[in-house]
Amino acid sequence: MIDIGWYLSLIGHRTAKEIPGVIERLQASGITAEILDKVLCAPESLLYAPERDGEDWAQEYGGPSGAALLTAELLAYLSHQHRLAALIHRDLVTELMATDPAAAGAGHFGITEAAVSPLHSVSPVPPATGDAPTERPTP
């Protein structure tokens, strides 16, 4: 039986079908659910390890292979987080632009007027379901 900690760390950005394979690869490199959780909750623990811990920094993360797997998992997690933030931002700006002139609102939200124009033709998307691979910005 697999520790529930693995699933808690992976369920937000991996599908149920992907999780067993991810767990298997990480465990084969000596990575525990606690190490994965630490990296996903505090990415700086891994990202600054080469500078902070010197030449043998990767040993704490299962050696070079384990560190590479953890880095890949961190990238998948951050990509999912970025995608969700982008969807939320797009939907909020779209809604706000419906009531404010684009020229006034664009600068306020840190985007160009040209970037705001296409938002008027995009309908807002429903809230995230947690099924990471199927949630993408709509064209």
- request: Check the pair Asp3, Glu34 against side chain to side chain contact (heavy atoms under 4.5 Å, CB included), reporting the backbone distance first and the verdict last.
  value: CA-CA 10 Å; Asp3 180 353; Glu34 291 77 21; 4.1 Å; yes
message: For Glu18 and Thr15: C-alpha separation, side-chain torsions, deciding distance, then whether side chain to side chain contact (heavy atoms under 4.5 Å, CB included) applies.
response: CA-CA 5 Å; Glu18 292 175 312; Thr15 65; 3.2 Å; yes
message: Please determine whether residues Leu78 and Leu70 belong to a single hydrophobic cluster, defined as Ile, Leu, Val, Met, Phe, Trp and Tyr linked transitively by side-chain heavy-atom distances below 4.5 Å.
response: yes
- request: Could you grab the distance from atom CG of Leu10 to atom CG of Leu40, nearest 0.5 Å is fine?
  value: 7.0 Å
- prompt: Between Glu95 and Arg90, does at least one N-O distance fall below 4.0 Å, as a salt bridge requires?
  reply: no
- prompt: When rounded to the nearest 0.5 angstrom, what is the spacing between CG in Leu46 and CZ in Arg52?
  reply: 8.5 Å
task: Side-chain contact test, heavy atoms from C-beta onward, threshold under 4.5 Å: evaluate it for Val22 versus Arg25 and give yes or no.
output: yes
- prompt: Below 4.5 Å, heavy atoms only, C-beta onward: do Val39 and Glu73 meet side chain to side chain?
  reply: no
field: Main-chain N/O of Leu75 paired to Ser79 side chain as donor or acceptor, under 3.5 Å
entry: no
field: For the student: nearest non-hydrogen atoms of Ala49 and Ser45, plus distance
entry: CB-O, 3.6 Å
query: Do Ile35 and Lys38 have side-chain heavy atoms sitting under 4.5 Å apart?
result: no
message: Per the ring-ring contact (aromatic ring centres under 6.0 Å, His included) rule, what does the pair list look like for residues 30-79, sequence neighbours excluded?
response: His13-Tyr77
query: Do Trp6 and Asp37 come within less than 4.5 Å of each other through their side chains, counting heavy atoms only?
result: no
- prompt: How many angstroms lie between atom NE2 of His82 and atom CG of Leu87, to the nearest 0.5 angstrom?
  reply: 10.0 Å
- prompt: Going by heavy atoms in the side chains, are Glu24 and Pro20 under 4.5 Å from each other?
  reply: no
- line: Closest non-hydrogen atoms of Pro64 and Gln59, given as atom of the first, atom of the second and distance, are CD-NE2, 4.1 Å
query: Is there a side chain to side chain contact (heavy atoms under 4.5 Å, CB included) between Leu69 and Ile31 once you walk through the steps?
result: CA-CA 9 Å; Leu69 288 169; Ile31 304 301; 5.7 Å; no
Reported CG-to-CG distance for the pair Leu74 and Leu47, which is rounded to 0.5 angstrom: 5.5 Å
- request: Output all residues satisfying side-chain hydrogen bond (donor to acceptor under 3.5 Å, both in side chains) with Ser65, sequence neighbours left out; order by chain, then residue number.
  value: Ser29
